[in-house]
Structures are given as C-alpha cells and as structure tokens.
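Okay, structure first, notes after.
A, B, ... follow the sequence lines: proteins, then strands. Residue 1 opens every chain.
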Amino acid sequence: MPELPEVETVVRDLRPLIVGRCIVSVRVGSKKLRKPWEQEWADCVVGTTPLAIRRRGKWILVDLDSGAILLVHLGMTGQFTAVPAGEPAPDHLHFTFALNDGSELRYRDTRRFGSVQWIASDALVQDAFGERLGPEPFDIPAKPFAEALRSSRRNLKALLLDQSLLAGVGNIYADESLFRSGLHPQTLGSSLKPKDCDRLRLAIEEVIAKAIDGRGSTIRDYIGGSGLRGGYQDEFTVYGRTGEACVNCGTAIEMIRVAGRASHFCPKCQKRKN
DNA sequence: CCGACGTCCTGCTAGC
DNA sequence: TGCTAGCAGGACGTCG
C-alpha cells in the first residue's frame, strides 16, 4: 500500500534515472485506470524531457521541460519504475515511457486504483488533486492540526486517513502513529486534550520519518523506483500483528474495523477516551 | 454541512 | 483436492 514513505522512496529512486532523459515514445495499455488517459496526451509527452520529479502527499509529479506535468498516483498496487532496455514486460503494465538512453519508465498497477495523467501546467495540478491537500506530515502546524482534531466528532482513524487534514498518511502509518501516541483509533477527535494532539502530531512525524529511512514498507506489491522492496515492514508495532505481543506490554494486538478499514491496536496501551 | 458507507479492481487465502 | 467467499484499501460518489 503506497503511502507517503513509499511514494517518497519511488521519487528518490527515479530521480537519477529519469531526470534529463528525453521521452522518445509512449506505449499505453488498453485497460482503464481510475482516471482515464486521454489519447492526445501521448503527443504532448513525446519529445519532452523530465526536469524534476517530486512528491506531494501520495502524488508523484514529473515536471517536463514543456512546463507540463505527469501526475501519477500509485493507488494500492501501483509500481512506477525505471528499468534497463530489454527487460521483459510484466502483467498489468499500463504505461511504458521509452527514454533516450534506452531505458524505460514503466507504470504497472494490478488493481488499477492508481492513475497517470498529463496536466498542462502547474496551476492546474491543484484541481487534479481533487479536494485540497493538507500539509505534509513533517512540520505539521501544531495549532491548526489540534483545532481540526478537537472540532471534529469523527474518530481518529478517519481523521488521519483524511488527505485534506494531512497529506500522505494511509492505513499502515495511521495505525502505527496511533500506537506510538497511545491513542485508540475509535477515540473521537473532540475528546482529545491539547496534549493528546501534540503527542499524535509528533508520533506521526516520527513514524513517517523512520519509514522513509527504511525505504517504506513492502506488504505484497510495493517496490521502489529501482525495483527494490521496502524494509520498514519489519519495524511494525501493530499493523498486521493481530494476536502477536505488544512491544510495550506483551498484550495481544487486536484488529477491528474503524472507518471501514482494518485497524490494529494494543487494547492496554491504547484506551478509548470516549 | 457533516459523517458514514458503498464502489471500484484483482489476487490471494481461509475455510469448507 | 478444488472451489468460493471474503478481504485488502485510496479516493470519491452517494445517502441520511
């Protein structure tokens, strides 16, 4: 499940492999992704050169020398990789951008929850994001974050998954951050004390930073931009550890559904506040 | 306006 | 052994 740390790893991996290399051809698969690829976009892309690649939330932005942007979302199973010439084509390969050094920039996505779009200019990217994206979870503005949490009657799990509150957190790092802050996923935002908001904010920043250091987490499909698996899955405290011992107290980790998502927590370290 | 829930998609797996 | 129901979840549409 590519969340911020996985997407950041892809971007860092791809940067030295694609920047400055002209796109000489585009091959598009027949199956539709979440956002359809317009046929005329191929002509817009061929002949351009990536000048930069960056990340915003879970989105990847490839800045082309035409001023346009390739906007990529990995969804659940998306893989965005650069491979040397002559690599055999795998299943579920939806885009192949041939580069002028012979290598290929590829987008593969088994479940097709992701998307690849061509956006004419930087000014139009915000619209493509859909709802406004919240801040990156590095230096989260403390006061607005606490106010958003405390003014909401939604539970913490739903709040952390909301990309307009905070960009880049998904199911795995929401669970890991809640454990780190000692908060129960079903606790309502409105029942938090200012101190709880601070603990949660810092826990998110720490979890995300460590996960980036570990090159993200590979559960099944995720690989980085050069094809390498992640390493942070070995550091999970609660996610996917149902029935296993809590690293703090030894109590068996439990799994419940919150906000429609599997949510893992320690019933002793994370007590509900409401 | 807000929050909850269903939908998309494929592959793996638990359970009979 | 072989089959199938259920689950995985990011973003978004719909419903109450």
Side-chain angles (χ1 to χ4, degrees), chain A residues 1-10 29-37 55-61 71-80 90-95 107-117 119 125-134 136-137 147-178 185-192 204 208 211 216-223 230 233 236 238-243 253-265 274:
Chain A
M1 282 64 59
E3 304 178 26
L4 190 154
E6 290 74 27
V7 178
E8 178 65 25
T9 302
V10 168
S30 57
K31 292 209 169 173
K32 281 188 168 52
L33 298 178
R34 181 163 238 295
K35 303 268 172 94
W37 168 271
R55 179 194 57 74
R56 175 79 173 94
K58 299 173 194 171
W59 296 91
I60 298 170
L61 297 90
L71 184 62
V72 178
H73 199 293
L74 301 178
M76 274 194 70
T77 54
Q79 300 176 339
F80 199 32
D91 286 349
H92 308 293
L93 184 61
H94 302 293
F95 290 90
Y107 182 85
R108 176 174 187 252
D109 189 352
T110 303
R111 245 166 278 185
R112 294 192 270 136
F113 274 29
S115 59
V116 176
Q117 297 167 269
I119 309 289
V125 169
Q126 304 300 323
D127 301 331
F129 287 155
E131 66 177 343
R132 223 177 64 80
L133 281 181
E136 296 285 321
E147 275 165 19
L149 294 176
R150 298 186 71 213
S151 66
S152 173
R153 279 171 300 281
R154 303 163 76 190
N155 58 56
L156 295 179
K157 183 60 178 278
L159 286 163
L160 292 189
L161 294 177
D162 185 343
Q163 301 299 295
S164 68
L165 174 72
L166 205 58
V169 175
N171 203 39
I172 292 172
Y173 299 111
D175 281 6
E176 292 296 313
S177 301
L178 287 168
Q186 283 178 317
T187 291
L188 300 184
S190 54
S191 67
L192 291 190
I204 295 166
I208 294 292
S217 310
T218 296
I219 308 294
R220 182 171 298 156
D221 300 281
Y222 166 73
I223 52 172
Q233 65 280 356
F236 287 169
V238 286
Y239 185 87
R241 296 191 65 244
T242 310
I253 299 301
E254 293 183 8
M255 202 252 283
I256 55 174
R257 288 194 85 78
V258 184
R261 296 289 172 255
S263 301
H264 312 72
F265 68 103
N274 49 275

Nearest whole angstrom, please: distance from the [atom2] of [N] to the [atom1] of [X].
| X | N | atom1 | atom2 | value |
| --- | --- | --- | --- | --- |
| R261(A) | dA11(C) | CZ | P | 10 Å |
| W59(A) | dG10(C) | CH2 | P | 13 Å |
| I60(A) | dA11(C) | CD1 | C1' | 16 Å |
| L166(A) | dA11(C) | CG | P | 12 Å |
| D109(A) | dG11(B) | CG | P | 11 Å |
| L33(A) | dG10(C) | CG | P | 17 Å |
| D91(A) | dC12(B) | CG | C1' | 15 Å |
| R220(A) | dA8(C) | CZ | C1' | 7 Å |

Could you tell me whether the side chain of [X] and the main chain of [Y] form a donor-acceptor pair under 3.5 Å?
| X | Y | answer |
| --- | --- | --- |
| H264(A) | R241(A) | no |
| Q186(A) | V258(A) | no |
| D175(A) | Y239(A) | no |
| K157(A) | A262(A) | yes |

With a 4.0 Å cut-off on heavy atoms, is [X] in touch with a base, just the backbone sugar-phosphate, or nothing at all?
| X | result |
| --- | --- |
| M1(A) | sugar-phosphate |
| Y173(A) | nothing |
| K31(A) | sugar-phosphate |

Ionic contact status for [Y] with [X], cut-off 4.0 Å:
| X | Y | value |
| --- | --- | --- |
| R108(A) | D91(A) | no |
| E136(A) | R55(A) | yes |
| D162(A) | R154(A) | yes |

*Check DNA chain B against residues 151-161 of chain A and give the residues with a non-hydrogen atom under 4.0 Å, in numerical order.*
S152(A), R153(A), R154(A)
Does [N] have OP1 or OP2 sitting under 4.0 Å from an N or O in the side chain of [X]?
| X | N | result |
| --- | --- | --- |
| R34(A) | dC12(C) | no |
| H92(A) | dC9(B) | no |
| K35(A) | dA11(C) | no |
| R112(A) | dA11(C) | no |
| Q163(A) | dG10(C) | no |

_Strand partner of dT1(C), provided both Watson-Crick or wobble distances fall under 3.5 Å_ = none
*5'-most contact on DNA chain C: M76(A) or F129(A), nearest heavy atom basis?*
M76(A)
*asked:* Between the base of dA8(C) and the side chain of R111(A), is one N or O donor paired with an acceptor at under 3.5 angstrom?
replied: yes
*Enter the distance from R150(A):CZ to L159(A):CG here, rounded to the nearest 0.5 Å.*
13.5 Å
*Nearest to side-chain heavy atoms of N171(A), which nucleotide of dG10(C), dA11(C), dT10(B)*: dG10(C)
